[in-house]
There are 2 protein chains.
Amino acid sequence: MRGRPDVATPSPRGSGIAQQRILDAAMDLYFEHGVGGTSLQMIADRAGLTKAAVYYHFQAKEDIVLAVITPALDAVARLTEAAAAARNRSTAVDILITGLVDLVLENRRLGAVLWADPTIAQILIGHPARREIGARIHAQLIGPNPDAETRVRAAIFGSSLRIAASPELAEMDTEILRRHMIDNARRLIGVRAPRPVA
Amino acid sequence: MRGRPDVATPSPRGSGIAQQRILDAAMDLYFEHGVGGTSLQMIADRAGLTKAAVYYHFQAKEDIVLAVITPALDAVARLTEAAAAARNRSTAVDILITGLVDLVLENRRLGAVLWADPTIAQILIGHPARREIGARIHAQLIGPNPDAETRVRAAIFGSSLRIAASPELAEMDTEILRRHMIDNARRLIGVRAPRPVA
DNA sequence: GTCTATACGCTGATAGAC
DNA sequence: GTCTATCAGCGTATAGAC
């Protein structure tokens, strides 16, 4: 880790137990009603607290959402570090492709609710740490001095990750979906599979 | 229940001038603050009306949003009809690809604000007419008895339309973007030149 | 038909007592 | 750490003036 940890931290006050109860209640309710349809009152009721008590632990509604999705954001950050440490650009790009597809498929059910949730999208737009990570990944994908086609293809790859949460493919086997997503991504970004080491 | 409201129609009351003033004010404000960040009060103030007067013309906040995006939805509906009237499936698919890309690029600036707006996405999810059109286009794209790869590719194409509103490509020339989007879509969906009807 | 005045229940958020 | 009390603002709704 380098530098400034506090930027990304939701910084909840107090000790752990009530916190976890709030987050558990929030996740349950997000599944049932979506993020936008979940009020602080509902979270407080299910966690057995008052609205104001919830506010003691999390200073804003956004902070609860961020605390819920932070593990996934951290995983993305780790991905860019792994890619940055790769021996060459092809390897780095392949780490990003397979890593992002894996990540998005690991959270497939969660993603169908959270990643595709409009309210989350709104929150992430205004989240500086997330923007930075997004920009870093984007730069790693397109490389230096990209032409128009490269930039378009990278953008298509980025938006294609969303299909993991698509209702039309919800019942498709995850392994099959993974293979097709990675195949198409490799063809799109134009990186050959890394050569075997030996 | 009041009267027998038509399900699909935003059905504003009254007719003409004030309506348009409200819609103009709404569009301006959507550009400035996004849909979610625009309240009825703001719309009323800019249109020179009270909140209740706005509520007279549009019974709900959603109705205003729907009235704003209805022209685009109608265009999509016309597209599926054109595709359905095509001589063979390859032609139909190509009509859909080029038509959807064109549509999304025509509304590029509008789309960057509206099409990508989380609040709009939320509204459209609950909009039955829109769901039906989406399902129809999807069926026309993948054809009968699609295999897994076909379905994945169709889903990728669908999500790829979003890049028209992507900030990273905002300054890219529209014609160049169009060419690359169509090229990639054709490669993805894999439509050959229409065969002669034998 | 078009609009004003007024209000309801709810939201996210804050201040301060225990 | 958790409470009560309170806030302004929201979308929605109705009664009634013109």
Side-chain angles (χ1 to χ4, degrees), chain A residues 10-26 29-30 32-68 117-127, chain B residues 1-3 5 9-26 29-30 32-69 117-127:
Chain A
S11 67
R13 277 189 281 190
S15 56
I17 295 177
Q19 226 104 289
Q20 200 52 52
R21 286 168 52 83
I22 292 171
L23 290 181
D24 290 344
L29 290 163
Y30 291 165
E32 291 174 34
H33 308 287
V35 177
T38 301
S39 72
L40 287 176
Q41 189 64 67
M42 294 161 75
I43 294 174
D45 288 349
R46 183 158 314 195
L49 298 170
T50 64
K51 217 168 57 163
V54 172
Y55 257 101
Y56 168 77
H57 292 284
F58 298 90
Q59 287 88 330
K61 194 190 183 187
E62 275 197 13
D63 291 346
I64 302 178
V65 179
L66 283 174
V68 166
D117 192 296
T119 313
I120 300 236
Q122 197 116 272
I123 290 175
L124 290 181
I125 286 171
H127 189 52
Chain B
M1 305 279 183
R2 47 184 72 250
T9 311
S11 67
R13 276 191 281 192
S15 37
I17 297 178
Q19 226 104 290
Q20 199 52 52
R21 284 168 53 83
I22 292 171
L23 289 180
D24 289 345
L29 289 163
Y30 292 164
E32 292 173 33
H33 308 287
V35 177
T38 300
S39 71
L40 287 177
Q41 187 65 69
M42 294 161 74
I43 295 174
D45 288 348
R46 182 156 317 194
L49 298 170
T50 64
K51 211 170 62 164
V54 172
Y55 202 78
Y56 168 76
H57 290 284
F58 298 90
Q59 287 89 330
K61 195 190 184 188
E62 276 197 12
D63 291 347
I64 302 178
V65 179
L66 283 175
V68 166
I69 63 178
D117 192 297
T119 312
I120 301 238
Q122 197 115 271
I123 290 175
L124 289 183
I125 285 171
H127 190 51

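When reading the values below, keep in mind they use all heavy atoms of this one structure, side chains included, and skip hydrogens, waters and symmetry mates. First the proteins, then the strands, lettered A, B, ... as listed; each starts at 1.
Comparing Thr50(A) and Thr38(B) along DNA chain D, the residue whose closest nucleotide (by nearest heavy atom) sits nearer the 5' end is Thr50(A).
Under the 4.5 Å side-chain criterion, counting only non-hydrogen atoms from C-beta, Arg46(B) is in contact with Glu32(B). Contact annotation: the side chain of Asp24(A) never approaches that of Arg21(A) to less than 4.5 Å [non-hydrogen atoms, C-beta and beyond]. Within the 4.5 Å cutoff, no side-chain heavy atoms of Thr119(A) are placed close to those of Val65(A). Using a 4.5 Å cut-off on side-chain heavy atoms (C-beta onward), Ile69(B) and Ile123(B) make no contact.
Residue Gln59(B) contributes atom CD, which lies 11 Å from atom P of dT14(D) at whole-angstrom precision. At whole-Å resolution of the value, NZ in Lys61(A) and P in dT14(C) are 15 Å apart. If you measure from atom CZ of Phe58(A) to atom P of dG1(D), you get 13 Å, rounded to the nearest angstrom. Regarding Ile123(A), its CD1 atom lies at a distance of 13 Å from the C1' atom of dG12(C), rounded to whole Å. Protein atom NZ of Lys51(A) is 12 Å distant from nucleotide atom C1' of dA8(D), rounded to whole Å. Atom P of nucleotide dT12(D) and atom CG of Asp63(B) are separated by 9 Å, given to the nearest angstrom. One can place CZ of Arg21(B) at 14 Å from C1' of dT2(C), the figure rounded to the nearest angstrom. Rounded to whole Å, atom P of dA15(C) lies 12 Å from atom OH of Tyr55(A).
In this model, the phosphate group of dC3(C) is approached by a side-chain N or O of His57(B) to a distance below 4.0 Å at OP1 or OP2. Of the side-chain N and O atoms in Tyr56(B), one or more sit less than 4.0 angstrom from OP1 or OP2 of dT2(C).
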| task | Applying side chain to side chain contact (heavy atoms under 4.5 Å, CB included), run through Val35(A) and Val68(A) and close with a yes or a no. | result | CA-CA 11 Å; Val35(A) 177; Val68(A) 166; over 6 Å; no
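When all heavy atoms are compared, the tightest approach of Ile22(B) to Val54(B) is CD1-CA, 4.1 Å.
A donor-acceptor pair under 3.5 Å is absent between the side-chain atoms of Tyr30(B) and the main chain of Gly34(B), judged by distance alone.
Comparing atom distances between the Ser39(B) side chain and each of dC10(D), dT2(D), dC3(C) picks out dC10(D) as nearest.
Looking at residues 40-48 of chain B, you'll see that no heavy atom sits under 4.0 Å from any atom of DNA chain C.
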